[in-house]
Amino acid sequence: MSYTALYRKWRPAGFEDVKGQDHIVQTLKNQITSGRIGHAYLFCGTRGTGKTSIAKIFARAVNCEHPKDGSPCAECASCRQIASGTSLNVVEIDAASNNGVENIRDIRDQVQYPPTEGRYRVYIIDEVHMLSTGAFNALLKTLEEPPSYVIFILATTEVQRIPITVLSRCQRYDFKRITVKTLTDRLKELSEAEHIDVEEKALAYIAKAADGSMRDALSLLDQCVAFHFGERLTYDHVLDILGAVDTGIFSSLFKAVNRQRTTDCIRQLEELIIQGRELGQFVTDFIWYLRNLLLIQAADDTEGIVDMSADNKKTLEEDARLTDQGTLMRYIRVFSELSNQIRYASQKRVLVELALIKLTKPQMEHNYDSIVERLNRIEEQLEEGIPVNPGLPVSAVSFPDSGTAGSGSPQTGEALARPQEAAEPPAQVVLPKAQLEDLRLIRNEWGKIIRSLGGVIRSSFRNTVVEPSGDSCLCVAFADVDHYEIGRRPTVMGELETYVKQTYGKDIYFKTRLLGKGERADTIYVSDEELKDHIHMDITIED
């Protein structure tokens, strides 16, 4: 006897066997029980969710001699004939290969004759969106006013391609994707019935890979069992067959990306390729992993949203603490773009390598989220005391968050330490008392100010120095051109001026400038009184 595929062997025989479409099943059963049966139905939804199966069950139920609570009895002559495909009352048409006007005209000719046995003639048109425009037009009149003994059931995966004139003549039922839990429970039930020895973790992964389709889930299980026939089907076996990657690999890869270790990322990709992993599936699964990280960060309660074991969820929570939501969204964007490109690419490996390099080197991109990530990296380095650009002479303008560095007085001016290679001492400049007071106030509070303002100001103003620029005017000097482009925006300067006014009661106008290459930023500003105490110094008098 020939082998029957699992998805054919276990096709639902009654409404009670349909999983994941309770809202549709209950509605149809109520219609049959009450006798309020429509003349045209439209079943739409993704593949493998039960559209054709429910259509066939419904066709048996409306012709059943002894229906039980709206379901076919499966014992009467009508039920047996329809189930075996010998009944003339149920006609199933594949619109993909029978999409011409002449095919629909044949149907119009047939519906004129009532059924010889049973109560209804049921026409099931699968993939109805494939019908030509002429065929749809030929179907319209019959679809609107068919004989009382005719029922049309149209099934489609692309409802947007159905003309509105057809939609308005049908009762529409949207089939949902079946949840991972429902698929897993069904696979477990069928595995026990088929005496298949399989790990529950393996079934859960197959259910996830099926993407909401019961038919796909059964086909994948069939494939895995055939490959490891006579053995216990394990999680690792499923990963090998489906070309998938274990969650632990994603965690390791994510950490390498987050630490900007490009070489480690490329080496891990090389290992996956050697193991024969399918790169398209790898990209899809990694996007899903990043999505779970983002949900753990963004949602207070992820129960039922992030579907995985307690151990894997603990690993996710640890990884989620390594970065912020903005960075994760950039990662997802880059890999989502890759997912669209890799489908038809001949050099898939090169595209994946390029995407990993983009993740580890945000400076390669010039969009907003990449710039924010670079600023956050700079902030982290500064807090850890790591020089952002050791070769830049103005590195002295980097200061901690203490709020005390950068004072204009000679006693605290050493916070803006001179480069050791500078042979000349810092210049000494005398300022009027009012200007010097404003300068010292803002310099002493500068760290606190940028911390309080937060956002891009905190990131882009870290490597700056405040300089005098006339009465009630200060200039913020930037060492980095990217930070300067952000800081010079009128909205940013306006926010800074408003904060200083509200916090310190000072009407100070702020300007910006970009430090020149090799320009020193360690000038010491003094008052007339300090000039007398330090008369031995070389003094520069400002107008």
Tightest non-hydrogen contact, residues Cys475 and Thr512, listed as SG-C, 3.9 Å
When every non-hydrogen atom of Leu359 is compared with those of Arg330, the smallest separation belongs to O-NH2, 2.9 Å
CZ of Arg261 to OG1 of Thr263, rounded to nearest 0.5 Å, is 10.5 Å
**Message:** Check this for me: does any side-chain nitrogen of one of Glu437 and Arg440 sit under 4.0 Å from a carboxylate oxygen of the other?
**Reply:** no
4.5 Å side-chain heavy-atom contact, His129 and Glu127
yes
Here the pair of heavy atoms bringing Glu318 nearest to Leu322 is O-CG, 3.7 Å
Step by step, work out the side-chain contact (heavy atoms from CB on, under 4.5 Å) result for Leu356 and Thr262. CA-CA 7 Å; Leu356 291 173; Thr262 308; over 6 Å; no
| Is there a side-chain contact between Pro468 and Tyr525, using heavy atoms and a 4.5 Å cut-off? | yes
**Request:** Give a yes or no on whether Gln325 atom CD has more than 12 heavy-atom contacts from other residues, nucleotides or ligands under 6.0 Å away.
**Result:** yes
In this structure, CZ of Arg291 is separated from CH2 of Trp288 (nearest 0.5 Å) by 4.0 Å
Check: Val526 and Leu431 side chains under 4.5 Å, non-hydrogen atoms:
no
For Phe227, does the CZ atom sit with more than 12 other heavy atoms under 6.0 Å from it, leaving out its own atoms?
no
Self-check item: Beyond-backbone contact of Cys473 with Lys511, side-chain heavy atoms, under 4.5 angstrom
Solution: yes
Heavy-atom closest pair (Leu203 atom, Leu187 atom, distance to 0.1 Å) is O-CD1, 3.8 Å
Residues Asp507 and Ser472: closest non-hydrogen pair is O-CB, 3.6 Å
task = Begin with the C-alpha distance, continue with both residues' side-chain angles, and end with the deciding distance and a verdict on side-chain contact (heavy atoms from CB on, under 4.5 Å) for Phe282 and Phe335.
result = CA-CA 10 Å; Phe282 157 74; Phe335 259 68; 4.3 Å; yes
Next item on the list: Kindly determine whether Val159 and Leu167 satisfy side-chain contact (heavy atoms from CB on, under 4.5 Å), including the steps that lead there.
Entry: CA-CA 9 Å; Val159 68; Leu167 290 174; 4.0 Å; yes
>> When you measure from the side chain of Ser168 to the backbone of Thr165, do you find a donor-acceptor pair of N or O atoms at a distance under 3.5 Å?
In response: yes
Look at atom CD of Gln347 and say whether more than 12 heavy atoms of other residues, nucleotides or ligands are closer to it than 6.0 Å.
no
Point to revise | SB check Glu278 Lys348 (cutoff 4.0 Å) | key: yes
Are side-chain N/O atoms of Asp264 and Gln268 paired as donor and acceptor at under 3.5 Å? no
Just checking, any donor-acceptor pair under 3.5 angstrom between side chains of Lys19 and Thr182? no
- Item | Arg161/Glu158 ion pair, N-O < 4.0 Å | yes
inquiry  = Assess the residue pair Leu131 and Val128 against the criterion (side-chain contact (heavy atoms from CB on, under 4.5 Å)); give the C-alpha distance rounded to whole Å, side-chain angles, the decisive distance to 0.1 Å, and a yes or no.
reply    = CA-CA 6 Å; Leu131 289 179; Val128 69; 3.7 Å; yes
>> Is it the case that atom OH in Tyr7 sees more than 12 heavy atoms from other parts of the structure closer than 6.0 Å?
In response: no
Give a yes or no on whether the backbone of Gly45 and the side-chain of Thr49 come within a donor-acceptor separation of less than 3.5 Å. no
Can you find a pair of side-chain heavy atoms, one from Glu445 and one from Leu441, that are under 4.5 Å apart?
yes
CG of Leu316 to CZ of Phe250, rounded to nearest 0.5 Å, is 11.0 Å
Heavy-atom check, side chain of Ile178 versus side chain of Ser213, under 4.5 Å = no
Worksheet item: Do Glu519 and Arg513 sit within salt-bridge range, that is, some charged N less than 4.0 Å from a carboxylate O?
Response: yes
Checking the side chain of Thr360 only, and the main-chain atoms of Val257 only, is there a donor and an acceptor separated by less than 3.5 Å?
no
| said: Taking the side chain as everything from C-beta on, heavy atoms only, tell me whether Gln281 gets closer than 4.5 Å to Asp285. | reply: yes
| Are Tyr509 and Glu497 linked by a side-chain donor-acceptor pair shorter than 3.5 Å? | no
With no hydrogens and no angle check, is any side-chain donor or acceptor of His483 less than 3.5 Å from a backbone partner on Thr464? no
When rounded to the nearest 0.5 Å, the distance separating CZ of Arg177 from CG of Leu183 is 11.0 Å
One should read off an interatomic distance between Asp438 CG and Arg443 CZ, to the nearest 0.5 angstrom, of 13.0 Å
To the nearest 0.5 Å, atom NZ of Lys176 lies from atom CD1 of Ile24 at 8.5 Å
Minimal heavy-atom distance between Met493 and Gly487, with the atoms involved, is CE-O, 3.2 Å
Check: Does Glu271 come within less than 4.0 Å of Arg267, counting only side-chain N to carboxylate O?
Finding: no
**Item:** side-chain hydrogen bond (donor to acceptor under 3.5 Å, both in side chains) evaluation trace for Ser452 with Tyr499
**Value:** CA-CA 9 Å; Ser452 300; Tyr499 179 84; 3.2 Å; yes
Discussion item. Test side-chain hydrogen bond (donor to acceptor under 3.5 Å, both in side chains) on Asp324 and Thr327; report intermediate values, then the result.
Written reply: CA-CA 6 Å; Asp324 56 79; Thr327 301; 3.2 Å; yes
(Q) Check this for me, if you would: do Asp319 and Arg321 make a salt bridge, where the nitrogen-to-carboxylate-oxygen distance has to be below 4.0 angstrom? (A) no
task = Would you check, one step at a time, whether the test ring pair (Phe, Tyr, Trp, His ring centres under 6.0 Å) holds for Tyr331 with Phe286?
result = CA-CA 10 Å; Tyr331 291 173; Phe286 191 53; 8.0 Å; no
- Does Phe461 reach the side chain of Trp446, with side-chain heavy atoms less than 4.5 Å apart? yes
Check: Is the NZ or CZ atom of Lys51 positioned over Phe43's six-membered ring, under 6.0 angstrom from the centre and within 45° of the axis?
Finding: no
- Query: Under 3.5 Å, side chain of Gln297 to main-chain N/O of Thr323, donor-acceptor pair present?
  - Reply: yes
